[in-house]
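Report on the structure given below.
Computed from a predicted structure; not experimentally measured.
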Amino acid sequence: MTIRNDDVDWDGWPVEDYLTENYRQLHPCDAAVIAHHAAYYRTLPEGGLERAVEFGAGPNVYPLLLAAAVSDRIDAVEAGAANVAYLRRQSTAGADDSWRPFHALCRRLDPRVPATPRGALARVRVVHGDVRALPSGRYDLASMHFVAEGASEDFDEFAAFCGHFARCVVPGGHLVAAFMENLPSYRIGADSHWPACPVDPERVSRVFAPLTEELAVTRIDADPTLPDYGDTGMVLLTARTRSRPGRDG
């Protein structure tokens with residue numbers, strides 16, 4: 001049976017296991033993602049974006065730190081209750097010490113990132129909700145990390161999530177994303193099982209090409225310092241959403 005997004009109890013996401021396996025230290029793959037995204041953000045003016053969204057935020061804090069360089073307000077939209085609780089603790093009580101190396105790298109690559117994790121996260125509003133319900137054209141920038149390919153085993157649903165992601169941004173707005181490459185359904189911790197559909201640069205490009213312009217898709221190899229989830233690396237994306245007809249003329 002193909003597992004789809006609504007078949008999953010996202011409130012039961014194993015936050016501590018996930019953080020332990022992936023984010024209690026700065027792995028080379030995340031350093032590469034941060035460098036890729038920071039290079040794009042450096043092309044944008046400081047404070048030039050009024051509203052940004054982290055699309056399916058999970059408990060991952062570093063995309064929020066990065067986006068604080070260019071956006072006055074960041075909505076971290078997340079469906080899972082445990083992830084929401086974790087993000088709210090980070091934004092109100094202060095980020096875990098394990099995020100400090102991530103913040104230091106973000107700030108080194110883009111000095112416009114606020115000087116402390118607390119300062120960066122002060123721009124974040126945690127929203128408990130379904131990203132598929134976001135209205136079109138609300139944000140100037142949308143960022144997504146390991147969401148669409150990890151929300152379902154159904155490729156049509158993957159494409160639909162990517163469509164929601166692109167459409168929540170204004171025409172001509174900015175998209176930044178990272179996907180696990182060729183990720184099969186996988187386990188976190190001892191016994192929790194989660195859906196995924198394997199995607200690669202070609203599939204990501206095919207889905208986003210009709211939705212965007214200035215599309216750039218690249219990849220990095222699998223990181224041997226991470227658990228072996230069965231993936232072959234990561235696919236990284238930057239783009240601008242396609243302008244409405246007549247906008248440029």
The criterion is side-chain contact (heavy atoms from CB on, under 4.5 Å); which residues satisfy it with Pro14, sequence neighbours excluded? Asp17, Ile188, Ser192, Trp194
Derivation of the side chain to side chain contact (heavy atoms under 4.5 Å, CB included) call for Asn60 and Trp99: CA-CA 9 Å; Asn60 187 0; Trp99 293 113; 3.7 Å; yes
Main chain of Ala57, side chain of His145: is a donor-acceptor contact present, judged purely on distance under 3.5 Å? no
Would you mind reporting whether Leu134 and Val77 have side-chain heavy atoms less than 4.5 Å apart? yes
So which heavy atom on Ala178 is nearest to which on Val33, and how close? CB-CG1, 4.4 Å
Verify the cluster assignment for Phe146 and Val53: are they in a single hydrophobic cluster under the rule of side-chain heavy atoms below 4.5 Å apart? no
Stepwise, does the side chain to side chain contact (heavy atoms under 4.5 Å, CB included) test hold for Ser152 with Ile3? CA-CA 6 Å; Ser152 171; Ile3 300 173; over 6 Å; no
Kindly state each residue pair satisfying side chain to side chain donor-acceptor pair (under 3.5 Å) with at least one member in residues 161-181, sequence neighbours excluded. Tyr40-His174, Glu181-Arg219, Glu181-Thr232
Would you check if Thr241 and Val170 make a side-chain contact, meaning some heavy-atom pair closer than 4.5 Å? no
Run the side-chain contact (heavy atoms from CB on, under 4.5 Å) test against Ala68 and tell me which residues pass, sequence neighbours left out. Ile74, Pro114, Ala120, Arg123
Taking all atoms of both residues into account, what is the closest heavy-atom pair of Asp30 and Asn22, and its distance? OD2-O, 3.9 Å
Exercise: do Arg242 and Thr212 side chains pair donor with acceptor under 3.5 Å: no
Hey, do the aromatic rings of Tyr18 and Tyr23 have their centres closer than 6.0 Å? yes
I'd like to know if the side chain of Tyr229 pairs up with that of Glu21 as donor and acceptor (distance under 3.5 Å, no hydrogens or angles considered). yes
Do we see a donor-acceptor contact under 3.5 Å between the side chains of Asp223 and Thr225? yes
Same hydrophobic cluster for Leu215 and Phe55, using side-chain heavy-atom links shorter than 4.5 Å among ILVMFWY? yes
Can you confirm whether His36 sits close enough to Thr218 that some side-chain heavy atom of one is under 4.5 Å from a side-chain heavy atom of the other? yes
Mind checking whether Trp13 and Tyr186 have parallel, tilted or perpendicular rings, split at 30° and 60°? perpendicular
Check step by step if salt bridge (charged side-chain N to carboxylate O under 4.0 Å, His left out) holds for Arg24 and Asp96. CA-CA 9 Å; Arg24 291 307 187 195; Asp96 292 345; 3.1 Å; yes
Ignoring hydrogens and geometry, is there a side-chain-to-backbone donor-acceptor pair from Asp11 to Ala81 under 3.5 Å? yes
Decide yes or no for Val235 and Ile220: does some side-chain heavy atom of the first lie under 4.5 Å from some side-chain heavy atom of the second? no
What are the two closest heavy atoms between Cys162 and Phe179, and how far apart are they? SG-CE2, 4.3 Å
Looking at Arg4 and Asp6, is there a salt bridge between them, counting it only when a charged N and a carboxylate O are closer than 4.0 Å? no
Side-chain donor-acceptor contact under 3.5 Å, Ser143 with Glu54: yes
Given the rule that I, L, V, M, F, W and Y join up when any side-chain heavy atoms are under 4.5 Å apart, are Val131 and Val207 in one cluster? yes
If every non-hydrogen atom of Val70 is compared with every non-hydrogen atom of Leu141, which pair is closest and at what distance? CG2-CD2, 4.2 Å
Look at the side-chain heavy atoms of Ile, Leu, Val, Met, Phe, Trp and Tyr, link any pair under 4.5 Å apart, and say whether Val61 and Leu109 land in one connected group. yes
Rounding to 0.5 Å, atoms CD1 (Ile34) and CG (Leu26) come to a distance of 5.5 Å
Test your reading of the model: is there a side-chain donor-acceptor pair from Arg240 to the backbone of Gly172, 3.5 Å cut-off? yes
Run Phe165 and Val147 through side chain to side chain contact (heavy atoms under 4.5 Å, CB included) and show every step you take. CA-CA 10 Å; Phe165 171 62; Val147 174; over 6 Å; no
If the threshold is 4.0 Å, N to carboxylate O, is there a salt bridge linking Asp75 and Arg125? yes
Kindly say whether Ala93 contributes a backbone atom to a donor-acceptor pair with the side chain of Arg118 at under 3.5 angstrom? yes
Judged by modelled atom types alone, do Ser71 and Glu50 share a side-chain donor-acceptor pair under 3.5 Å? no
State, to 0.1 Å, how close Asn83 and Pro59 come at their nearest heavy-atom pair, and which atoms those are. OD1-CD, 3.3 Å
Between Asn5 and Glu157, do the side chains contain a donor N or O and an acceptor N or O under 3.5 Å apart? no
Please report the C-alpha distance between Val169 and Asp140 in whole Å, then the side-chain angles of each, then the deciding distance to 0.1 Å, and finally whether the side chain to side chain contact (heavy atoms under 4.5 Å, CB included) criterion is met. CA-CA 6 Å; Val169 173; Asp140 303 299; over 6 Å; no
For Val199, is there any backbone N or O sitting under 3.5 Å from a side-chain donor or acceptor partner on Glu149? no
Donor-acceptor check, side chain of Ser98 to backbone of Gln25, threshold 3.5 angstrom: yes or no? no
Within the 3.5 Å criterion, strictly below it, is a donor on Ser243 or Glu213 matched to an acceptor on the partner's side chain? yes
Ser205 vs Glu202 side-chain heavy atoms within contact, under 4.5 Å: no
When you group the ILVMFWY residues by side-chain heavy-atom contacts below 4.5 Å and let the links chain together, are Met144 and Met180 in the same group? no
Hey, are the side chains of Asp154 and Cys197 touching, using non-hydrogen atoms and a 4.5 Å cut-off? no
Any side-chain heavy atom of Leu44 within less than 4.5 Å of one from Leu49? yes
Mind listing the closest non-hydrogen atom pair of Val113 and Cys106 along with its distance? CG2-O, 3.8 Å
Hey, what do you get for CG (Leu65) to NE2 (His37), rounding to the nearest 0.5 Å? 12.5 Å
Taking Arg203 first and then Asp200, would you say they form a salt bridge - that is, a charged N and a carboxylate O separated by under 4.0 Å? no
Are any of the side-chain heavy atoms of Met1 and Glu153 separated by less than 4.5 Å? no
